[in-house]
Amino acid sequence: MTLAKLRCIDFASLVLFALGVLLPPSANAQSGNYTYMNIDYPGAYMTTPTAVNDSGSVVGYYLDSQYGSNHGFLYAGGVYTTIDDPEGTTLPQGINNSGEITGVIEVSYSETYGFTYVNGVFTTFNYPGTNGATNGQGINNHNEIVGIYSTGGYTGFLDNNGSFSSLSYPGADDTIPHAINDSGKIAGFYTASTVPFGFVYDGSTYTSINYTSGYETFAYGINNAGVVVGYSNLNSPTYEVGFLWQAGQFTIINSTAFPQPAGINNNGQIVGVYFPSNNYHGFLATPGSGPQPLQFFPALPCRVVDTRNPNGEFGGPPISGGSSRSFPISQGGCDIPTTAAAYSLNVTLVPIQHDPVGYLTIWPTGQNQPTVSTMNSLDGRIKADAAIVPGGTGGAVSVYVTNTTNVVLDIDGYFEPPSSQTFQFHPLTPCRVADTRKSNFPSGLGTPHLSAGVARDFPVLESTCIPANVNAAAYSFNLTAVPYPQLGDPLGYLEVWPTGYEPPHPVSTLNNPTGTYVANAAIVPAGNGGEITGYASNDTDLVIDVDGYFSLNGAGGLSLYPTTPCRVIDTRKVGSGQPFSGTLNPPVNVVNSPCGVPGTAQGYVFNATVVPSGGLSYLTLWPDGENQPVVSTLNAADGWITSNMAIVPNVNGKIDAYADGLTQLILDISGYFAP
């Protein structure tokens with residue numbers, strides 16, 4: 001491999017990993033949340049940005065066709081300019097604030113030279129004692145250059161305005177510096193027994209950078225704050241994660257498209273390549289402010305969208321397969337204010353003539369459609385799934401379906417910036433509040449079953465699951481319908497509301513048309529005496545589990561921080577991809593997942609999906625470090641793919657899962673609760 005090809009292969013080979021799957025700040029580094037702009041040279045087959053200066057000028061190289069040639073480029077002021085030395089293939093690698101560029105010119109496969117490019121003029125250079133084996137990599141505002149040369153292996157160098165010195169990480173096989181900041185700190189990577197690790201060198205000491213969840217770590221850029229950017233190839237599941245590193249702390253870079261950073265400027269802007277919708281693009285990412293805290297306000301359950309109704313903005317027609325519709329929730333007749341920033345929804349999929357629906361996805365209007373699904377109905381049955389969804393453009397949410405279907409959206413509350421009127425979340429260890437199959441629960445929380453067409457009040461504050469003297473405004477429940485008197489007995493719908501405040505127009509919390517076990521999460525406002533009321537269209541048993549409650553600001557209260565939906569785990573892509581039964585081992589490591597959830601999070605908002613191999617009696621999720629609670633998160637006794645929202649408290653950044661049956665598990669996170 002020549003020196004010129006080394007950097008090119010580092011990034012081009014990333015395409016091979018792009019078909020894997022799908023972020024908040026650390027204490028010191030820039031925020032992990034960014035706005036992305038594609039950097040694609042017009043008409044090019046592939047564009048690879050490598051560096052960005054403080055004015056946002058970007059350099060890199062592009063491939064003119066699939067089997068064509070590479071060319072250097074400069075992107076500045078919205079204009080792309082080709083940078084080609086007539087002597088050979090030109091691969092720019094660094095740019096400083098004066099616009100001076102460094103990189104490598106490949107005259108032949110075995111002959112390469114470092115170069116600087118100033119005001120349209122190329123000047124080549126070699127490390128002393130080498131001839132055609134030098135590669136420029138990075139340049140700072142003092143015109144100091146770092147790069148590599150070869151006399152067999154790869155050795156780094158520092159060019160201090162014509163004075164060269166070599167750079168070798170102690171004990172390394174190869175040392176490959178990539179960038180230098182204005183204080184002379186250098187970032188790059190080294191190899192030891194062929195395994196790459198990042199490093200920072202401050203002029204006297206080398207510090208290794210190793211992302212512990214990965215098997216390879218590459219560092220590429222560094223700015224004057226000492227923030228290093230790079231990426232790591234992960235062991236399990238097998239894909240890459242971009243990161244920021246500063247003073248020993250990692251921050252995962254927020255994107256659903258696997259960014260592979262190459263450079264960073266002093267404004268925190270990052271360049272590199274990424275893979276939105278599994279397509280290779282260069283990018284320029286500008287840091288945002290990160291997720292903002294939101295708190296809950298309950299609403300009387302209300303139907304905001306029903307595409308079975310006559311045609312209209314919140315009615316028909318059905319959503320066509322392969323397309324999406326947007327719904328401005330605050331305009332939907334449910335008295336939701338325009339200050340609402342996120343909605344607590346119940347999404348019901350109503351297939352037409354029981355035709356299958358591959359999947360449904362809901363997300364904030366105006367944002368890219370996430371590469372996750374909210375729910376599936378492969379057997380064409382009516383299904384419901386709770387979802388907390390931020391409002392997008394105009395406060396709207398978008399719904400995409402793979403197959404033509406009707407969709408119903410009910411709302412039971414919303415989240416808005418904190419005020420004296422909003423309610424904080426208090427997580428609880430998952431606990432069973434009521435079970436109408438059992439006679440050993442407190443009065444009103446056990447037997448008998450719910451009778452068809454008869455409303456029943458549940459005095460949930462009588463349960464020991466909820467702390468004494470709590471003045472809850474709403475509860476976070478998981479409701480499970482159990483067919484009565486036997487499996488196969490259907491339930492048209494279950495409706496739950498705050499006692500004393502029956503909705504004037506019916507809504508539904510869950511549906512069980514096939515008479516199996518069906519669970520759905522629900523945030524339920526508290527009614528008179530803190531009670532809730534359940535109404536079933538048919539006889540059914542009901543199980544109620546709690547994982548938290550909302551109350552006015554007080555000690556231990558948390559706010560919601562919505563995030564871009566991100567896949568924490570897909571057991572189909574872990575190890576050999578085998579399903580599991582019993583307790584999942586190891587636990588799901590949320591904090592070290594590519595989703596970048598901070599350690600301060602005390603509760604996670606998941607969409608949990610199981611892909612069973614036969615019947616799955618139940619799945620339970622709970623915080624690692626605690627005993628398995630006697631609750632369930634979802635059920636798939638009939639063996640179909642099943643999803644449910646799950647708010648799971650956090651103790652140590654990990655989540656345990658137990659499956660009473662053989663299944664795969666997918667966890668997508670869309671937000672977290674933190675102080």
Side-chain angles (χ1 to χ4, degrees), residues 295-304 334-336 342-348 384-389 408-415 422-428 430-436 441 444-445 450 455-463 465-467 470-481 491 493-511 518-536 540 542-552 560 603 605 631-634 644-648 673:
Q295 293 178 3
F296 186 69
F297 195 88
L300 188 66
C302 177
R303 181 146 296 171
V304 64
C334 290
D335 295 326
I336 305 302
Y343 312 107
S344 174
L345 300 173
N346 194 54
V347 184
T348 303
D385 194 3
I388 296 174
V389 187
V408 175
L409 300 181
D410 296 326
I411 190 166
D412 52 48
Y414 55 90
F415 293 83
T422 56
F423 299 89
Q424 293 181 318
F425 182 65
H426 297 261
L428 297 173
C431 183
R432 183 143 294 173
V433 170
D435 188 340
T436 64
F441 278 72
L445 300 177
L450 274 69
R456 173 174 165 180
D457 299 340
F458 288 87
V460 294
L461 292 180
E462 297 298 318
S463 169
C465 296
I466 300 173
V470 161
N471 186 16
Y475 310 99
S476 176
F477 285 137
N478 195 55
L479 306 169
T480 304
L491 167 66
Y493 69 93
L494 173 79
E495 183 178 4
V496 179
W497 64 79
T499 299
Y501 300 92
E502 180 178 352
H505 305 288
V507 299
S508 64
T509 302
L510 60 79
N511 311 82
V518 173
N520 196 24
I523 296 177
V524 185
N528 295 336
E531 297 186 1
I532 67 169
T533 298
Y535 174 93
T540 188
L542 180 63
V543 176
I544 304 175
D545 298 327
V546 68
D547 51 56
Y549 63 92
F550 294 87
S551 68
L552 284 174
L560 172 70
V605 182
V631 300
S632 60
T633 301
L634 58 78
N644 192 16
M645 187 181 81
I647 298 177
V648 184
F673 288 97

Tell me if a side-chain donor or acceptor on [X] pairs with a main-chain N or O of [Y] at a distance below 3.5 Å.
| X | Y | answer |
| --- | --- | --- |
| Asp412 | Val524 | no |
| Arg432 | Cys465 | no |
| Asn478 | Ala646 | no |
| Gln295 | Gln424 | no |

Practice task
For Phe441, look at atom CZ and say whether over 12 heavy atoms of other residues, nucleotides or ligands are found less than 6.0 Å away.
Solution key: yes
Quickly, which of [options] forms a side-chain contact (heavy atoms from CB on, under 4.5 Å) with [X]? Name it, please.
| X | options | answer |
| --- | --- | --- |
| Leu510 | Leu542, Asn520, Asp385, Val496 | Asn520 |
| Leu494 | Val518, Asn511, Leu450 | Leu450 |
| Pro498 | Pro301, Pro503, Pro298 | Pro301 |

Practice task
For the residue pair Phe425 and Phe550, categorise the inter-ring angle as parallel (less than 30°), tilted (30 to 60°) or perpendicular (more than 60°).
Solution key: tilted
Handout entry: Audit row: His426, Val470, side-chain contact (heavy atoms from CB on, under 4.5 Å) steps and yes/no
Key = CA-CA 10 Å; His426 297 261; Val470 161; over 6 Å; no
Handout entry: Polar side chain donor-acceptor pair, Ser476 to Asp547, under 3.5 angstrom
Key = yes
Problem - Side-chain H-bond candidate by donor/acceptor type, Asn471 with Ser551, under 3.5 Å - result: no
Practice task
Kindly determine whether Thr499 and Asn528 satisfy side chain to side chain donor-acceptor pair (under 3.5 Å), including the steps that lead there.
Solution key: CA-CA 5 Å; Thr499 299; Asn528 295 336; over 6 Å; no
Handout entry: Ring center gap for Tyr549 and Tyr475 short of 6.0 angstrom
Key = no
Practice task
Would you check, one step at a time, whether the test ring-ring contact (aromatic ring centres under 6.0 Å, His included) holds for Tyr414 with Phe297?
Solution key: CA-CA 5 Å; Tyr414 55 90; Phe297 195 88; 5.6 Å; yes
